[in-house]
2 protein chains.
Amino acid sequence: MEAASKASSAPNGRGRRATRASGDDRERAILDTAEKLLEERPLSEISVDDLAKGAGISRPTFYFYFPSKDAVVLTIVDRLVADAAGSREEALATLAQGDPRAGLRKALEDLYAAFRSRRTVALAAAELRPTNSEARDLWSQVMEGWVSDATAVIEAERARGAAPPGQPARDLAIALVQMNERVQYATFAGESPSLEDERVLDVLVDVWLRAIYGAPEPD
Amino acid sequence: MEAASKASSAPNGRGRRATRASGDDRERAILDTAEKLLEERPLSEISVDDLAKGAGISRPTFYFYFPSKDAVVLTIVDRLVADAAGSREEALATLAQGDPRAGLRKALEDLYAAFRSRRTVALAAAELRPTNSEARDLWSQVMEGWVSDATAVIEAERARGAAPPGQPARDLAIALVQMNERVQYATFAGESPSLEDERVLDVLVDVWLRAIYGAPEPD
DNA sequence: GGACTGTATCAACACCATGTCGATTAAGTC
DNA sequence: GACTTAATCGACATGGTGTTGATACAGTCC
């Protein structure tokens, strides 16, 4: 089904069949159109024709640049994820030396900010996940990265005696990372029971701290 | 778009246009076919024709019984939710008097078991949510129920001095309930970073207990 | 037992979105 | 100025959805 590919120069193999000329602009135009339309309506209500029209080309021509609507979104998500990875590096450094509490807050803040700034893209990615295996794989990787970071932090804190023992670090990390994903998604989507934007971080940080540093058998 | 409706006797207005005769069997056959097919493949890969064929009728006849594929799934989900509501009542009672810790564990256990026993339906519901507003509303209601239950428990525990103050009870409840949803979904779907089936409850209960009973500023 | 009513059924149709094919134009090379 | 290769699109094939209209098939009811 989905092949590997990977074109000449650009560090991104989704779409384009080995090109060179002014088609770069068109590719951009399609991506920009997609982001613009996602501000207005969900992915499911955007057709290939909408993207083509928005980029000033016909529908068949669209397929010259991308193999499908999904591929367009995945390309955009790729970049969002890459940006988020940047702040993750940074946060990890902060976390490494200095107060892990402050570092943790900063890490969660940066991550939240990264996705918040392009929430419609994040929502589209979530919409894609159930039906698109490539989207699932991409997100799996992203989650795995955060989980292993969090696992390392928890284990380090336990090793130096700052955090008590408890559930296996990785299991705890999975639950916490998934909580973050879900809570943030709900807020971005404006779901009915959801945290207000300004409250998200306070609540998440609080749960993380208690889950990591709280006594295993409280009271 | 989606109107209210609500037929004569049955406590469920989705589907059927006021009927009476042997068509009841057919309705059942459609629902059964849907559940059966969901064991095999995701909702997105099931067509109206598949449901019709499975129930031994033609596609147009399907529309005599249900207005769409989504309506079929929503009918099934309705029932799942109703069943789950049963265990919720029970769990709340357990929670009311007696050890709230044990009660909490039992509540989470029952809920997990209810959805676990029909995980493919739960997964289909999740798949529907992004595109179907009725599914979103239904799930909103369900979440709201759990959140307000959890909020009440947290407030009660704080009031009687068993739990320390902290983030607003409702905010904490939202985060915890959403964590449960996400973690359980990941496990049901067999996602890549996900908790093993036997570990889910231990981990979730642990986080709930720490989040509710742990000190606000630990260490 | 025929006229009437409402259930249940489906073939045929209209529609829409996706993805593909083939032909065509517009630039570069050499 | 013949040859490639990028870029474009009209026309088509496919596959799904939902609707229409005709029909068969009960049961009343008088």
Side-chain angles (χ1 to χ4, degrees), chain A residues 1-3 5 7-10 14-31 33-34 37 41-74 127-128 130-135, chain B residues 1-3 5 7-10 14-31 33-34 37 41-74 127-128 131-134:
Chain A
M1 312 306 158
E2 275 96 22
S5 72
S8 43
S9 53
R14 199 136 29 222
R16 290 289 288 293
R17 306 138 163 163
T19 305
R20 202 94 310 270
S22 83
D24 269 352
D25 310 346
R26 287 289 152 83
E27 190 168 329
R28 270 244 65 83
I30 292 172
L31 293 168
T33 303
L37 292 183
R41 46 180 193 272
L43 180 59
S44 57
E45 282 165 31
I46 296 173
S47 71
V48 170
D49 203 43
D50 292 334
L51 296 178
K53 285 261 173 54
I57 56 178
S58 73
R59 208 166 55 78
T61 301
F62 166 92
Y63 288 102
F64 180 79
Y65 292 99
F66 292 94
S68 69
K69 177 176 79 175
D70 288 8
V72 176
V73 176
L74 281 169
E127 197 177 336
L128 219 52
T131 49
N132 184 301
S133 68
E134 220 178 326
Chain B
M1 305 310 156
E2 276 95 23
S5 73
S8 44
S9 53
R14 200 138 28 225
R16 290 288 289 293
R17 308 136 163 165
T19 304
R20 202 94 311 268
S22 82
D24 270 351
D25 309 344
R26 287 290 153 83
E27 190 169 329
R28 270 245 63 84
I30 293 172
L31 293 168
T33 302
L37 293 182
R41 48 183 193 273
L43 180 59
S44 57
E45 282 165 32
I46 297 173
S47 70
V48 169
D49 204 42
D50 293 333
L51 296 178
K53 286 260 173 53
I57 55 179
S58 72
R59 208 166 55 77
T61 300
F62 166 93
Y63 287 104
F64 180 80
Y65 293 100
F66 291 95
S68 70
K69 178 176 79 173
D70 288 9
V72 175
V73 176
L74 281 169
E127 197 177 336
L128 219 53
T131 48
N132 184 302
S133 68
E134 220 178 326

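Keep in mind that what you see is a predicted model, and the values were worked out from it rather than measured. Hydrogens, waters and symmetry mates are skipped; everything else that's a heavy atom, side chains included, is used.
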**Message:** Using whole Å, what does the distance between atom P of nucleotide C/dA17 and atom CZ of A/R59 come to?
**Reply:**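 These atoms are roughly 9 Å apart.
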**Item:** Atom pair distance, as rounded to whole Å: CZ in A/R28 and C1' in D/dA7
**Value:**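 My rounded result for the distance is 19 Å.
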**Asked** Between D/dT8 and A/T61, is there an OP1 or OP2 to side-chain N/O distance shorter than 4.0 Å?
**Response**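 No, outside the criterion.
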**Gap between atom OH of A/Y65 and atom CG of A/L51 - 0.5 Å precision** =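 It comes to 14.0 Å.
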**Asked** Short question: side chain of A/E127, backbone of A/S44 - any donor-acceptor pair under 3.5 Å?
**Response**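 Flag set: sc A/E127 to bb A/S44 pair under 3.5 Å.
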**Distance in angstrom units between A/F66 CZ and C/dA17 P, rounded** =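 So the CZ-P distance, A/F66 to C/dA17, works out to 21 Å.
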**Prompt:** Counting only N and O atoms by type, is there a donor-acceptor contact under 3.5 Å from the side chain of A/K53 to the main-chain atoms of A/R59?
**Reply:**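 No, the answer is negative, given that no donor and acceptor are paired below the 3.5 Å cut-off.
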**Asked** Which nucleotide sits closest to the side chain of B/R26: C/dG19, D/dG10, C/dT9?
**Response**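 Output: C/dT9.
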**Message:** Please report the interatomic distance OG1(A/T131) to CG(A/D70), rounded to the nearest 0.5 Å.
**Reply:**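 Nearest 0.5 Å value for the OG1-CG distance: 6.0 Å.
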**Distance below 4.0 Å between B/Y63 side-chain N/O and D/dT20 OP1 or OP2** =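 No, because none of the side-chain N or O atoms of B/Y63 sits under 4.0 Å from OP1 or OP2 of D/dT20.
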**Item:** Side chain B/T61, main chain B/I57, donor-acceptor under 3.5 Å
**Value:**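 Not confirmed, B/T61 side chain does not pair with B/I57 backbone.
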**Prompt:** Could you state the CD1-C1' distance from A/I57 to D/dA7, rounded to the nearest angstrom?
**Reply:**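 Computing the A/I57:CD1 to D/dA7:C1' distance gives 10 Å.
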**Prompt:** Should the pair B/R41-B/D50 be classified as a salt bridge under the 4.0 Å nitrogen-to-oxygen rule?
**Reply:**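 Yes.
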**Message:** Rounded to whole Å, please give me the gap between CZ in B/F62 and P in D/dT19.
**Reply:**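 Between P of D/dT19 and CZ of B/F62: 12 Å.
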**Message:** If you take any heavy atom closer than 4.0 Å to DNA chain C, which residues from residues 44-51 of chain A end up in contact?
**Reply:**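 Those residues are A/S47, A/V48.
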**Request:** Examine distances only and state if a side-chain atom of A/K69 and a backbone atom of A/S47 form a donor-acceptor pair shorter than 3.5 Å.
**Result:**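 Absent.
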**Request:** Using whole Å, report how far OH of A/Y65 lies from P of C/dT18.
**Result:**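 Distance check: A/Y65 OH to C/dT18 P gives 19 Å.
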**For atom CZ of A/F64 and atom C1' of D/dC9, their distance in whole Å** =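 Computing the A/F64:CZ to D/dC9:C1' distance gives 13 Å.
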**Asked** B/D25 has an atom CG; how far is it from atom C1' of C/dA8, in whole Å?
**Response**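 For the pair B/D25 CG and C/dA8 C1', the rounded distance is 12 Å.
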